[in-house]
Amino acid sequence: MEENKKLAQLLFDNIDKTPEYYEELFPKRDLKEGAKVCRFSPSPTGFLHFGNLFTCFVSYSLAKSSNGVFYVRVEDTDQKRSVEGAIEVMLKGLSVYGIVPDEGVIGDREEKGSYGPYYQSDRKEIYQTFAKSLVEQGLAYPCFMTPEELEECRASQENESIKGIWGQYAKCREMSFDKIKERIDNGDSWTLRLKSPGTLDGKCYFDDMIKGKIEMPENVQDIVLLKSDGIPTYHFAHAIDDHLMRTTHVVRGDEWISSAPIHLQLFKVLGFRAPKYVHVAPIMKEENGGKRKLSKRKDPEAAVTYYIEQGYPSESVNEYMMTLANSNFEDWRRMNKDEALSKFPFNVKKMSVSGALFDIAKLSDVSKNVVSKMNAQKVFDLSYEWAKEYDNELASLYEKDTERTKAILNIDRENKKPRKDIAKWSDIKDYISYMFDETFEPCFELSGNANAALAVDVLKKYKDVVNLSDDKDTWFSRIKDLCAEVGCTPNVKEYKADPEAFRGHVGDVSTIIRVALTGRVNTPDLFSITALLGEEIVQKRIDMAIKHYEEVK
Ligand code: GLU
C-alpha cells in the first residue's frame with residue numbers, strides 16, 4: 001500500500017486535492033423525485049449531424065419531460081478534432097430547434113451552472129485527482145509501452161478474440177516502484193492504465209432503456225485512462241464527468257454500447273453509482289431495398305444546416321423527430337391537433353432498437369401540416385427571416401408590399417381546411433411566383449375540355465365582365481353567366497348527363513381563366529388571387545392569353 005501511495009505521489013505530485021473534495025464540491029442534485037439529469041456532449045467538430053441532433057433531442061426531451069436538467073458538456077480532449085468556432089455553430093444549431101441548455105456550455109468559452117467546468121479541457125486537474133486516487137489504491141498503473149511495442153502486440157493478436165493490453169500483454173502491470181521511477185527519471189513517456197479487475201469468464205449485465213437487458217463479457221483490458229499528455233480518454237472522462245455532474249441518464253449513440261462493459265467497470269472501480277444508459281440507434285436510410293446509416297458523405301440531409309438552408313420550420317423538424325422517436329406520436333397528434341409538442345408523453349422505452357428510418361417525403365408531409373396551421377403573419381415572419389438570409393429575390397418580392405405579401409400568404413389559410421402546399425420556405429417563391437410580374441411565367445397549357453378556341457371566347461367575355469370590386473359570390477355568378485354565352489354549362493352534372501350538348505362546363509371555364517392569370521391549372525382560391533393581382537395585371541394577362549390562343553387555335 002505504501003508503495004502505491006509513493007507511486008501516486010511520484011506520478012501526480014502536482015495534485016493536492018482528493019476525490020472527497022470534488023464529491024463535496026459537486027453534491028448530489030436537489031431535484032424532485034424522478035427528475036432526470038441528461039446531457040449532450042459533443043466534440044467540437046463544427047458539424048452537427050442530424051443523428052446527433054436527434055440523440056440530443058431525445059436527451060433533452062427525457063430531461064424536460066421529467067422536469068429535470070439538461071446540460072451541454074464539450075468533449076474537447078482530442079485537440080486534433082477541435083475546430084475553431086465549432087461550439088457556437090453547434091449551439092446555434094440546437095437553439096434553432098428549441099434546445100437551450102439549462103446548464104453547461106452556453107457559448108464559446110461561456111458556461112453557467114455549478115457543476116463545471118463544462119469543457120473537458122478545463123478539467124485536467126479533476127481527472128488527475130481521481131487517477132491519483134486509483135493509483136493509490138493499486139487500481140491503475142503507468143505503462144511505458146512504446147508505439148512500436150503496441151503495434152507488435154496488435155499484430156500478434158490478429159487471430160485472437162480478445163485484443164488490447166491484458167494478461168501477458170500488459171507488460172508494465174506489475175512493474176516495481178523502483179523500475180517505474182527509473183523510467184520516469186529517464187524521461188520516458190507513459191500513459192496511465194486501468195488495472196482491470198475483469199476476468200475472462202466474468203459477465204457484465206445492464207438494462208439499457210432502449211435496448212433492454214444486455215449481457216456482455218466483462219472488460220479485461222487495461223484500458224488507457226490518461227494519455228501521455230495527462231489528458232483523459234473518452235472512457236475515463238465519461239465516468240468522472242457523468243458522475244460529478246450527476247447525470248442520471250446517459251443518452252448517446254449506440255456505437256458506444258460495445259464500450260459499456262469498460263464504463264460500468266470504471267464506475268465500479270471508482271466507487272460511483274453507474275447512470276442509466278439510453279443507447280440511441282443511428283438514423284437509417286433506405287437504399288436499393290436495404291438499409292444503411294444516414295451518411296455525412298452521401299446524404300445532404302445528414303447535416304442539420306440542410307434543414308435550415310432549405311427553410312424547414314424548426315417546429316416541423318421537431319415534430320418529425322418525434323415521429324421518428326415514438327411511433328405512437330402520430331396517433332397522439334391526430335387526437336391532439338393543437339397541443340404543444342411538449343405535451344406529448346414521450347417515452348424513451350418506445351424507441352426503435354434498430355434505428356428509425358429517415359424519409360424526407362414524410363418530413364415534407366409533417367411539415368406541410370405544421371405550416372398549414374400557422375397564420376399568415378407567422379408564415380410571413382418566419383419565411384421573410386429565412387429569405388433575408390437565403391433568398392434575396394424572395395425577400396425583395398416580400399418587401400415590395402408587405403401587406404399584400406401577407407394577404408397572398410393568407411389565401412386559403414386561417415380556415416378549417418387550410419391548404420397544405422408549403423413544406424419549407426424555399427417552396428414559397430415558386431408557390432407565389434405568379435403573384436408578381438417579376439417571377440410570373442406564362443404557360444398556356446389547358447386541361448379538361450378547355451381548348452384554344454374556347455379560351456378565346458371565354459377570355460374575351462371575361463375581360464369585359466371581370467370587376468375587382470365584386471364580392472366572391474358576384475364574381476362567381478358572372479363566371480357562371482358567362483358559361484351559357486360560350487356554349488358551356490354552369491352545371492357540371494348537366495354536362496355529365498349530356499356531354500355532347502356542351503363545349504364544356506364551369507370547371508373548364510374557370511381553368512381557362514386560372515391559366516391565363518397564373519400560368520397554372522391548379523392554384524389556391526382564384527377569386528382571392530384575382531383580387532390581389534389587381535386590375536392592371538389581370539387585364540394585361542388576359543390580353544396576353546387571348547393573343548396566344550388566337551395564334552394557335
Ligand atoms: N463526444 C462523444 C461523441 O461525440 C459523446 C458521446 C457521449 O454522449 O457520451 O461521440
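Everything numeric in this text was worked out from a predicted model, so none of it was measured. Just follow the structure's listing: the first ligand is 1, and inside any ligand the first atom is 1.
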> Taking the six-membered ring for Trp, is the centroid-to-centroid distance between Tyr390 and Trp425 below 6.0 Å?
Replying inline: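 Distance test on ring centres: not under 6.0 Å, no.
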>> Going by the rule ring-ring contact (aromatic ring centres under 6.0 Å, His included), which residues pair with Tyr60 if we only count those two or more places apart in sequence or in a different chain?
In response: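 Expected list: Phe70.
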Pairs of donor and acceptor atoms involving the side chains of residues 300-308, under 3.5 Å and at least two apart or interchain, shall be tabulated with distances.
residue: Glu301; atom: OE2; partner: Lys285; partner atom: NZ; Å: 2.6
residue: Tyr307; atom: OH; partner: Glu301; partner atom: O; Å: 2.6

> Are any of the side-chain nitrogens in Lys195 or Asp222 under 4.0 Å away from the carboxylate oxygens of its partner?
Replying inline: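 No, Lys195 and Asp222 are not salt-bridged.
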> Can you pull the residues with any heavy atom under 4.0 Å from ligand 1?
Replying inline: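 Within 4.0 Å of ligand 1, the protein residues are Arg39, Ser41, Ser43, Glu75, Tyr234, Arg252, Trp256.
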> Which residues satisfy the side chain to side chain contact (heavy atoms under 4.5 Å, CB included) test with Ile106, sequence neighbours excluded?
Replying inline: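 In terms of side chain to side chain contact (heavy atoms under 4.5 Å, CB included), with neighbours along the sequence ignored, Ile106 is linked to Pro101, Glu110, Lys112.
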> With no hydrogens and no angle check, is any side-chain donor or acceptor of Ser372 less than 3.5 Å from a backbone partner on Asn369?
Replying inline: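 It does hold such a pair.
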